[in-house]
2 protein chains.
Amino acid sequence: MTYPQLKKITMGAQIAAMLRAAILGGELAPGSAVVETSLALRFGVSRGPLREAMRELIDEGLLITVPYTGTKVLELSPADINDIYSMRICLEKFAFEQIWDRRDDAFREQILQRHAALLAAIDANDDVASIEAELNLHGLAYEMAQNAILMKTWNGIRGRLQLYWAAHHRAHHMQGPQRTGHDDYVSLAIGNDLDLMRAEIESHMQRGLEITKAQVQGELSTRV
Amino acid sequence: MTYPQLKKITMGAQIAAMLRAAILGGELAPGSAVVETSLALRFGVSRGPLREAMRELIDEGLLITVPYTGTKVLELSPADINDIYSMRICLEKFAFEQIWDRRDDAFREQILQRHAALLAAIDANDDVASIEAELNLHGLAYEMAQNAILMKTWNGIRGRLQLYWAAHHRAHHMQGPQRTGHDDYVSLAIGNDLDLMRAEIESHMQRGLEITKAQVQGELSTRV
DNA sequence: TCATAATCGATTGTCAACAATGTTTGGGGG
DNA sequence: CCCCCAAACATTGTTGACAATCGATTATGA
């Protein structure tokens with residue numbers, strides 16, 4: 001037996017999900033124009049719900065729009081990446097501080113499970129799945145913190161990172177998540193030394209930022 | 001000679017500003033319904049731009065909506081206030097860490113100026129102006145940090161605080177910002193001891209949170 | 001009287017046409 | 001050859017009408 005959906009999902013919401021997948025999947029590359037009429041045609045709806053969907057992605061920071069002119073997929077500068085990573089350090093430490101004393105078996109089970117999923121995606125050489133698995137792993141602390149504003153901010157960061165990584169992976173065969181990259185993170189997250197966890201978050205992010213910057217450097221030298 | 005505006009402002013954006021003012025000004029109290037058709041009539045526009053405006057306030061967290069049913073002004077629970085204040089501690093410390101080594105004369109001038117504006121509003125017994133002035137004072141660090149995600153998060157916090165404070169001031173003659181409440185904050189912000197500034201932010205927020213909680217307590221006892 | 005189902009009103013969701021704006025392109029003059 | 005202007009084009013902004021859904025109310029039967 002199939003259960004009927006209790007609340008009708010609007011077309012705008014469904015299209016927002018599809019559009020998000022198209023952007024994060026690289027179908028719409030950063031900087032490319034996003035035109036209402038053509039997308040409305042593609043999804044088989046009117047411009048109304050499509051605008052609603054685009055508005056949602058604009059709020060998430062995946063799209064930027066200028067009145068009467070147009071909308072395009074966000075392009076992140078190296079400075080933006082810096083901002084994102086410094087925010088990640090701040091917020092992820094905060095998230096762990098909030099949940100530290102109420103971590104339970106369900107938490108430990110979840111983090112091990114998500115780590116296993118990440119390892120599986122890496123072993124399968126699936127870049128898209130690896131990126132998503134890594135973000136899911138880091139997202140656990142945010143989810144458990146149960147703070148609406150924190151969660152919304154994390155979602156914005158998460159989307160931008162996914163957008164950036166996905167685009168660069170496809171374009172430049174960028175180095176993906178490493179198999180041993182999260183061992184310390186996971187073991188400390190289920191351990192009992194909050195200060196060590198704080199330090200791990202900082203070094204973990206620093207490492208990620210350096211990998212990203214090295215990639216940008218490589219891009220620039222390629223173009224010279 | 002008056003200069004023409006370079007970019008045309010859409011009706012939706014203008015209405016978003018008016019609607020935001022109406023909510024923060026208390027004309028639309030927390031929990032009250034916000035109906036598209038009646039507001040469209042009131043502002044003299046169609047439902048299209050009005051939906052756009054409402055969508056903007058939904059993103060800021062001032063409104064909440066459920067499909068096919070309705071939209072209303074956000075009501076904050078004591079737990080929400082806790083979340084907001086813990087986020088404020090985290091983010092404001094972060095903002096000052098980011099700007100600490102590049103504070104200049106313009107910064108010192110601005111913070112003194114905004115502090116003076118706050119004192120003036122308190123002396124004038126203008127609650128609405130006092131709230132706005134206090135948030136402007138705290139906002140300076142965020143503005144100077146020049147981090148888009150940080151700024152967006154702060155705006156969300158700022159709006160919720162303004163909504164909550166404004167509503168409770170009107171309803172319960174709640175205690176407003178105190179005249180000497182920000183002296184330490186300002187002097188430490190232009191000083192040279194970052195650790196002391198961090199401690200001041202924590203104690204400042206703790207104080208604000210306790211005032212709010214005492215107010216909620218008073219409300220509850222009044223109703224019994 | 002109570003539980004259940006049909007109906008009504010209110011509100012939001014969706015659509016297609018029209019208006020306003022920004023950008024581009026092509027021509028004319030210096 | 002370059003610069004400026006004007007007209008055409010592409011895109012978004014706005015509108016009013018219609019459809020879908022939800023919540024409450026009322027009727028109905030046991």
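Sequence lines set the chain letters: A, B, ... in the order given, protein chains first and strands last, and positions in each chain run from 1. Basis for what follows: all heavy atoms, side chains included, without hydrogens, waters or symmetry-related copies.
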Self-check item: Set of residues satisfying salt bridge (charged side-chain N to carboxylate O under 4.0 Å, His left out) with respect to B:K93, sequence neighbours excluded
Solution: B:E202

Practice problem: Scan residues 22-58 of chain B for pairs that pass ring-ring contact (aromatic ring centres under 6.0 Å, His included), counting only residues two or more places apart or in two chains. | Solution: none

Quiz item: Do A:L91 and A:W154 have side chains that get closer than 4.5 Å, going by heavy atoms?
Solution: no

Practice problem: Strictly below 4.0 Å, heavy-atom distances to any atom of DNA chain C: list the hits from residues 45-63 of chain B, or just say none. | Solution: B:R47, B:R51

Quiz item: On the ring face of A:W100, is A:R102 found with NZ or CZ under 6.0 Å from the centre and within 45° of the axis?
Solution: no

Quiz item: B:H115 versus B:L119: any side-chain heavy-atom pair under 4.5 Å?
Solution: yes

Quiz item: To the nearest Å, how far apart are B:I9 CD1 and D:dT14 C1'?
Solution: 17 Å

Self-check item: Residues which pass side chain to side chain donor-acceptor pair (under 3.5 Å) with A:H204, listed by chain and number, not counting sequence neighbours
Solution: A:H138, A:H182

Quiz item: Between the side chains of A:D80 and A:S77, does any donor sit under 3.5 Å from an acceptor?
Solution: yes

Quiz prompt | Which atom of A:L62 lies closest to which atom of A:R160, heavy atoms considered | solution = CD1-N, 4.1 Å

Exercise. Locate the shortest heavy-atom distance separating A:L74 from A:P30; write the atom from each residue and the value.
Key: O-CB, 3.2 Å

Practice problem: Whole angstrom is fine here: how far is it from NZ in A:K72 over to C1' in D:dT11? | Solution: 15 Å

Kindly give the atom pairs (protein nitrogen or oxygen, nucleotide nitrogen or oxygen) under 3.5 Å for nucleotides 19-21 of chain C.
none

Self-check item: Shortest non-hydrogen contact between A:A148 and B:D83, atoms and distance
Solution: N-OD2, 4.3 Å

Exercise. Within residues 27-41 of chain B, find the residues that approach DNA chain C with a heavy atom at under 4.0 Å, and present them sorted by residue number.
Key: B:V34, B:V35, B:E36, B:T37

